[in-house]
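Structure, as C-alpha cells:
Throughout, a chain's letter reflects where its sequence line sits, starting with A, and its residues are numbered from 1.
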There are 2 protein chains.
Amino acid sequence: MTEGEKKRRTPGRPRRLDPGAIVAAARRIIDEEGVDALSMRRVAKEVGSTPMALYHHVRDKDELLLLTLAGASNALPRPPLPESPRDRIITVAAHMHALLERVPWVLKVLVRGDLTDRQALWMAESIIDSAIAGGLGEEQAVHAYRTIWHFVYGDLIFRAARERRAADPDHRPSFPATLTEEDAKELPRLTALADRWEGMQRYDIVEQLTAVVDGLLSRAHR
Amino acid sequence: MTEGEKKRRTPGRPRRLDPGAIVAAARRIIDEEGVDALSMRRVAKEVGSTPMALYHHVRDKDELLLLTLAGASNALPRPPLPESPRDRIITVAAHMHALLERVPWVLKVLVRGDLTDRQALWMAESIIDSAIAGGLGEEQAVHAYRTIWHFVYGDLIFRAARERRAADPDHRPSFPATLTEEDAKELPRLTALADRWEGMQRYDIVEQLTAVVDGLLSRAHR
DNA sequence: ACCTGAACACCGTTCAAGT
DNA sequence: ACCTGAACACCGTTCAAGT
C-alpha cells in the first residue's frame with residue numbers, strides 16, 4: 001500500500017467514505033444492472049452512506065461515470081503492432097473497437113470527454129504516428145484519426161442498439177416492414193433487398209475499417 | 001382539409017386532444033428549450049391537458065420523440081445528383097449530414113429506430129444504388145451504406161458535444177492539458193501536437209466523406 | 001373511446017445544520 | 001473536513017375511476 005505517500009492529512013474529520021469504494025460500487029452496479037440502474041442514491045446505499053456524502057468526493061454524476069471508465073482501457077492486452085503503417089492503423093482501430101465493445105455503456109460518457117483516459121492515449125498516438133508514416137501531413141493525420149474514431153463510435157452505438165432491440169420482445173417494426181407498394185417505384189433497391197435486409201446489416205468491422213483506412217491514406221501527398 | 005377521408009368515427013367520445021397538436025407542442029418545446037426540457041408533463045401542460053391523456057395517443061415518450069422527428073427530413077431541398085456514382089454517394093451523404101446537423105437532438109432518438117423515416121429512405125436507396133453502380137455487390141453496397149451512416153452519425157454526435165462543451169463555461173479540461181512530462185517519451189506525436197491540437201479537431205466533412213467513399217468503392221470487384 | 005386524479009417509485013442537487 | 005436530513009423541483013408510468 002505505498003501508492004503515493006499519503007501526505008500527512010489530519011486536519012478536519014477522518015474520512016469515513018473511500019473514494020475508491022464509491023467508484024467500485026458504481027462500476028459494480030453498472031456491470032450487473034446496466035448504466036440506467038446507476039443513480040447517486042443507489043451508489044450511496046451500496047456504500048452505506050447518503051446521496052449527499054458522495055458529492056463531497058465527486059463533482060456530479062458525470063464525473064463519477066468518467067471515473068468509472070478509467071482503467072477500462074486495460075481490459076485487453078495491447079496487440080502486437082505490424083510493420084506497415086496501414087496495417088498498424090487497422091490493428092489499433094480494431095483494438096479500440098474491441099475494447100469499447102466490452103463496455104458499451106461508456107459510449108454515453110465518452111462523448112463528453114473524448115477518449116482521453118491516460119490509458120487510452122497510446123491508441124491516438126499510434127494511429128496518428130502511423131498515418132504520418134503513411135504519408136499524411138500532421139493535420140491530415142489528426143483528421144484521419146478523428147474520422148476513424150467517429151466511425152468506430154457510430155458503429156458501436158448502433159451495435160449496442162441492435163442488441164438492445166433484439167433483447168426487447170415487442171420492439172417497434174422498422175424499415176422493411178413499413179414499405180408500401182407505392183414505395184416500390186421510388187425505392188426499387190430497398191424493395192428488392194427488403195427480405196434479405198436484416199441479415200445484411202452485420203458486417204465485419206475489420207473489413208470496413210480497412211476500406212476506410214485505405215481511403216484516408218490515399219490522400220497522402222505522393 | 002381532405003387529408004384522408006376521416007372514415008366516419010362517432011362511437012365513443014369525441015376527441016378533445018389532437019394528436020397533431022401534441023406532436024407540434026413537443027417540437028416547439030424541443031426547438032425552443034432543447035430535448036432535455038421535453039417531458040410528458042410539460043407537453044400536457046402546453047396542450048392544456050394532463051400527462052395521462054397523452055398516453056392515449058402515443059405509446060410512450062420514445063414514440064412521441066420519433067413522431068417529432070418525422071418530417072424533419074424535408075427541412076432541406078433535395079440536392080441535384082451528379083452523374084458519377086462516387087460523387088452521387090458523396091453528395092447524398094453530405095446532404096444527410098447537413099440535414100441532421102440542423103436537428104442534433106434527433107441523434108438520441110435515431111439510434112433506436114435507424115434512419116427509417118419514410119421521408120429519409122431515398123437517401124439509403126440512392127447511396128446503395130450508386131454503390132452498386134460503382135461496382136459493389138449488393139451486400140457490399142449495404143455495408144458501405146452502413147459504414148457511411150455510422151461515420152456521419154459519430155461525427156454529428158461529437159460535433160454536438162463539442163458545441164455543448166464550448167457553451168459550458170466551466171468544462172473539464174481534456175487531453176492536451178492532462179499531458180505530463182513523462183508522457184512525452186511515450187507519446188511524442190501527441191506532445192508535439194499539443195498546442196495546435198484544439199485547432200486541428202475541425203475537419204471538412206465532405207473531404208473526409210470523400211476519402212471514406214473512395215476507400216469503400218476501392219473494394220469493387222473490378 | 002377518451003380523459004382525469006391520485007399515487008407509485010423514483011430522480012439529481014441545494015441548503016442549512018451537525019460533528 | 002466530512003457527513004446528514006430534509007426539502008425542492010422534478011421525472012415516466014400504472015391504475016381505477018369518471019363521462
Q. Can you name the nearest heavy-atom pair linking B:Ala93 to B:Ile148, along with the distance?
A.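 Heavy-atom minimum between the residues: CB-CG2, 3.7 Å.
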Q.
Looking at every non-hydrogen atom in both residues, tell me the closest pair between B:Pro51 and B:Arg41 and how far apart they are.
A.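 Nearest heavy atoms, B:Pro51 then B:Arg41: CG-CG, 3.8 Å.
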**Q.** Pairing residues for B:Ala21 by the side chain to side chain contact (heavy atoms under 4.5 Å, CB included) criterion, not counting sequence neighbours
**A.**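 Counting only residues at least two positions away or on another chain, B:Ala21 forms a side chain to side chain contact (heavy atoms under 4.5 Å, CB included) with B:Asp18.
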Q: Apply side chain to side chain contact (heavy atoms under 4.5 Å, CB included) to A:Gln140 and list each qualifying residue two or more places apart in sequence or on a separate chain.
A: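 A:Gln140: side chain to side chain contact (heavy atoms under 4.5 Å, CB included) contacts with A:Leu136, A:Arg219, A:His221.
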Grab the [atom1]-[atom2] distance between [X] and [N] for me, whole Å please.
X	N	atom1	atom2	result
A:His56	C:dA17	NE2	P	17 Å
A:Asp62	C:dT13	CG	C1'	13 Å
B:Leu65	D:dG12	CG	P	10 Å
B:Glu63	D:dG12	CD	C1'	15 Å
B:Asp60	D:dC11	CG	P	17 Å
A:Arg59	C:dT14	CZ	P	11 Å

Q. Going by the salt bridge (charged side-chain N to carboxylate O under 4.0 Å, His left out) test, which pairs reach into residues 92-107 of chain B, not counting sequence neighbours?
A.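 Qualifying pairs: B:Glu101-B:Arg159.
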Q. Does anything in residues 46-57 of chain A pair up under salt bridge (charged side-chain N to carboxylate O under 4.0 Å, His left out), and if so which pairs, sequence neighbours excluded?
A.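 Counting only pairs at least two positions apart or across chains, the salt bridge (charged side-chain N to carboxylate O under 4.0 Å, His left out) contacts touching residues 46-57 of chain A are A:Arg28-A:Glu46, A:Arg42-A:Glu46.
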Q: Could I get the full list of salt bridge (charged side-chain N to carboxylate O under 4.0 Å, His left out) partners for A:Asp36, not counting sequence neighbours?
A: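 Checked A:Asp36 against salt bridge (charged side-chain N to carboxylate O under 4.0 Å, His left out); matches are A:Lys108.
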With sequence neighbours excluded, what pairs up with [X] under the side chain to side chain donor-acceptor pair (under 3.5 Å) test?
X	value
A:Arg27	none
B:His150	A:Tyr203, B:Arg146
A:Glu138	B:Arg196

Q) Of the residues in residues 37-46 of chain B, which ones touch DNA chain D at a heavy-atom distance under 4.0 Å? A)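 Close to the strand are B:Leu38, B:Ser39, B:Met40, B:Arg41.
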Q) So what is the 5' to 3' dot-bracket string for DNA chain D, if pairs are Watson-Crick or G-U wobble with both distances under 3.5 Å, crossing pairs use [ ] and | means the partner sits on another strand? A) ||.|||||...|||||.||
(Q) According to side chain to side chain donor-acceptor pair (under 3.5 Å), does anything in residues 88-99 of chain A pair up with another residue at least two apart or in another chain? List the pairs. (A)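 Listed by first then second residue: A:Arg88-A:Ser130, A:His97-A:Asp155.
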Q | Strand contacts (DNA chain C) in residues 47-55 of chain A, 4.0 angstrom heavy-atom criterion | A |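 Going residue by residue through residues 47-55 of chain A, the ones with a heavy atom under 4.0 Å of DNA chain C turn out to be A:Met52, A:Tyr55.
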Q: Please check the phosphate of D:dC3 (OP1 and OP2 only) for any side-chain N or O of A:His57 closer than 4.0 Å.
A: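 A:His57 to D:dC3 OP1/OP2: side-chain N or O found under 4.0 Å.
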Q.
For the C1' atoms, the ones on D:dA16 and on C:dC3, what distance do you get once it is rounded to whole angstrom?
A.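 Comparing C1' positions in D:dA16 and C:dC3 gives a spacing of 13 Å.
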